[in-house]
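One structure below.
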2 protein chains.
Amino acid sequence: MVRPGGRSARVQQAVHTAVRELQAEVGRPELTVPMVAARAGVTPSTIYRRWGDLQELLSDVAVEHLRPEAPPEDHGDLLADLRGWAEQFLEEMSSPAGRAYIRDALLGDADGDNAGRCSAYAAEQIAVVLARAEERGEEAPDVETVLDRVVAPMMYRILFRPAGLTDAYADRLAREAVQGFGAPR
Amino acid sequence: MVRPGGRSARVQQAVHTAVRELQAEVGRPELTVPMVAARAGVTPSTIYRRWGDLQELLSDVAVEHLRPEAPPEDHGDLLADLRGWAEQFLEEMSSPAGRAYIRDALLGDADGDNAGRCSAYAAEQIAVVLARAEERGEEAPDVETVLDRVVAPMMYRILFRPAGLTDAYADRLAREAVQGFGAPR
DNA sequence: AGCTTAAAGCAAATCTGTTGCATCAGGGTC
DNA sequence: GACCCTGATGCAACAGATTTGCTTTAAGCT
């Protein structure tokens with residue numbers, strides 16, 4: 001059972017904080033479970049029991065970093081909203097830090113839970129953009145289409161070919177997703 | 001320097017074989033470097049020195065698994081070729097084993113070399129399909145477009161939402177990539 | 001207030017990962 | 001074909017990480 005206000009919650013909080021601080025201070029490659037435990041004021045075995053190993057812990061922390069902090073900006077029309085969102089997404093995710101978080105999130109995640117959560121974050125943001133478009137009376141593709149046409153290509157290139165990713169690329173994907181959505185099949 | 005016929009090559013071979021055998025026998029979560037070393041008739045320090053850690057070793061082995069074994073089948077036209085290739089790709093990659101290999105290839109790979117190699121394999125196969133289409137006089141998109149429209153969506157879903165991936169999905173992506181390529185922008 | 005139980009602390013034992021030094025096998029040179 | 005040079009491997013000792021059984025703590029419930 002999860003006891004939200006209790007000691008477990010405090011421990012989780014302390015451990016997460018310790019991971020973030022130490023990542024910044026000593027760098028991820030130097031991180032060890034005992035080091036995190038010491039900083040969090042906890043014994044290593046607690047961490048091993050709760051998280052299994054360092055990778056799962058890092059995965060947890062990474063997912064928190066990847067959670068969007070604010071809804072996407074409203075630029076007045078679908079294309080502009082989607083372009084803005086895609087540009088920002090690409091910029092954040094393709095940075096060395098962003099790529100590290102994505103890798104960590106995927107890595108310590110045998111069941112795919114954390115990966116699914118990341119995708120859900122993106123889907124939520126896109127859903128907001130599309131809902132606004134609907135309200136304005138614009139024709140809009142559905143979330144799945146935008147995932148396929150915009151998010152997937154960016155993520156694929158971030159993971160598999162991390163060179164030459166520019167705003168222009170994000171723009172083009174957004175444009176093609178919106179304009180092509182009603183195009184002939 | 002790599003000495004292809006020498007001891008290094010034999011060691012590499014023995015270690016790779018040991019990894020594959022042990023993955024099948026005890027499962028990947030139980031794998032350890034000392035275990036692999038013992039099976040390969042090698043000391044652990046050799047592995048640590050050559051590969052750094054288990055993840056990099058697994059990454060190496062995974063990339064070999066992901067190398068295509070034969071050129072894509074020729075079905076007589078672009079759409080059929082692409083559909084066939086996409087279906088097969090999705091089937092192989094979305095299986096639990098396939099996903100494990102992809103994850104391993106991506107994750108034990110600080111510099112992104114192995115990930116790049118995976119993408120290059122896919123790009124080669126697609127280039128073959130597209131070159132055939134050109135020879136037949138068919139209009140064909142370029143490789144990058146197919147990566148964006150077909151490979152990226154499949155890979156994104158394999159990694160981030162590993163549920164409900166069917167042949168029909170691969171079909172649809174292939175169809176949209178081919179028919180939409182000349183569509184209005 | 002007292003009881004129940006999941007989670008945390010503690011400590012011993014085990015195994016993984018690291019490192020310095022000696023040895024060995026290939027490849028190149030004469 | 002015998003001889004050195006280079007880099008990779010073996011060995012062994014060590015440091016540190018991970019596991020595990022048992023005890024203790026504290027949150028939630030009656």
Side-chain angles (χ1 to χ4, degrees), chain A residues 1-23 25-62 64 103-104 107-111 113, chain B residues 1-23 25-62 64 103-104 107-111 113:
Chain A
M1 190 213 284
V2 184
R3 293 171 169 178
R7 185 158 71 152
S8 300
R10 281 200 308 277
V11 167
Q12 167 157 342
Q13 167 73 31
V15 169
H16 275 219
T17 302
V19 168
R20 277 194 294 270
E21 290 177 1
L22 288 169
Q23 269 183 324
E25 287 173 31
V26 308
R28 197 181 46 123
E30 310 306 321
L31 265 192
T32 65
V33 170
M35 188 186 294
V36 172
R39 172 67 64 102
V42 156
T43 58
S45 61
T46 295
I47 294 183
Y48 287 118
R49 276 198 252 258
R50 290 233 342 207
W51 282 277
D53 62 14
L54 183 61
Q55 281 175 5
E56 287 185 47
L57 174 55
L58 288 175
S59 181
D60 252 31
V61 174
E64 295 208 345
R103 282 171 43 109
D104 286 343
L107 180 65
D109 185 34
D111 51 5
D113 264 8
Chain B
M1 191 214 281
V2 185
R3 295 171 169 177
R7 186 160 69 154
S8 300
R10 283 200 307 276
V11 167
Q12 166 157 343
Q13 166 73 31
V15 169
H16 275 219
T17 302
V19 168
R20 277 193 294 271
E21 290 177 1
L22 289 169
Q23 268 183 327
E25 287 173 29
V26 308
R28 196 179 47 122
E30 310 305 321
L31 265 194
T32 65
V33 171
M35 187 187 293
V36 173
R39 172 67 64 101
V42 156
T43 58
S45 61
T46 295
I47 294 182
Y48 288 120
R49 276 196 256 257
R50 290 230 343 206
W51 283 277
D53 62 13
L54 184 61
Q55 277 176 12
E56 286 185 45
L57 173 55
L58 288 175
S59 181
D60 250 32
V61 174
E64 296 208 346
R103 278 171 39 108
D104 287 342
L107 297 170
D109 185 32
D111 50 6
D113 264 8

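Proteins come first, then strands; the chains are lettered A, B, ... in the order of their sequence lines, and each starts at number 1.
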Is B:V33 close to B:W51 at the side-chain level, that is, under 4.5 Å between some pair of heavy atoms?
no
Determine which pairs satisfy salt bridge (charged side-chain N to carboxylate O under 4.0 Å, His left out) with at least one residue from residues 43-62 of chain A, sequence neighbours left out, and list them in order.
none
For nucleotides 17-20 of chain D, which of its nitrogen or oxygen atoms have a protein nitrogen or oxygen under 3.5 Å away, and what is each distance?
from   : atom 1 : to    : atom 2 : distance (Å)
D:dA17 : OP1    : A:T32 : OG1    : 3.2
D:dT18 : OP2    : A:Y48 : OH     : 2.2
D:dT18 : O5'    : A:Y48 : OH     : 2.9

For A:T32, which residues count as a side chain to side chain donor-acceptor pair (under 3.5 Å) partner, sequence neighbours excluded?
none
For atom CG of B:L57 and atom C1' of C:dG17, their distance in whole Å
14 Å
Salt bridge (charged side-chain N to carboxylate O under 4.0 Å, His left out) partners of residues 26-48 of chain B, not counting sequence neighbours, each pair once
B:E21-B:R39, B:E25-B:R39, B:R28-B:D104
Does B:Q55 offer a backbone N or O that forms a donor-acceptor pair with the side chain of B:S59 under 3.5 Å?
no
Axis-to-axis angle across the helix from C:dA1-D:dT30 to C:dC30-D:dG1, five pairs each end, nearest 10 degrees, ~ 40°
Residues two or more places apart in sequence or in another chain: which of them pass side-chain contact (heavy atoms from CB on, under 4.5 Å) with B:V42?
B:V11, B:A40, B:T46, B:I47
Euclidean distance, atom CD of residue A:E30 to atom C1' of D:dG16 [Å, nearest integer]
14 Å
Among B:V36, B:L31, B:D109, the one residue meeting side-chain contact (heavy atoms from CB on, under 4.5 Å) with B:L58
B:L31
Reckon A:T46 has a side-chain N or O less than 4.0 Å from the OP1 or OP2 of C:dA8?
no
Between CD1 of B:I47 and P of C:dT18 the distance, given in whole Å, is 13 Å
How long is the line joining CH2 of A:W51 and C1' of C:dA8, in whole Å?
12 Å
Using only side-chain N and O atoms of A:R10, determine if any of them is under 4.0 Å from OP1 or OP2 of D:dT25.
no
Residue set satisfying side-chain contact (heavy atoms from CB on, under 4.5 Å) with A:E64, at least two apart, ordered chain then number -> A:H16, A:R20
Could you give the CD-to-C1' distance, from A:Q12 to C:dA8, as a whole number of Å?
14 Å
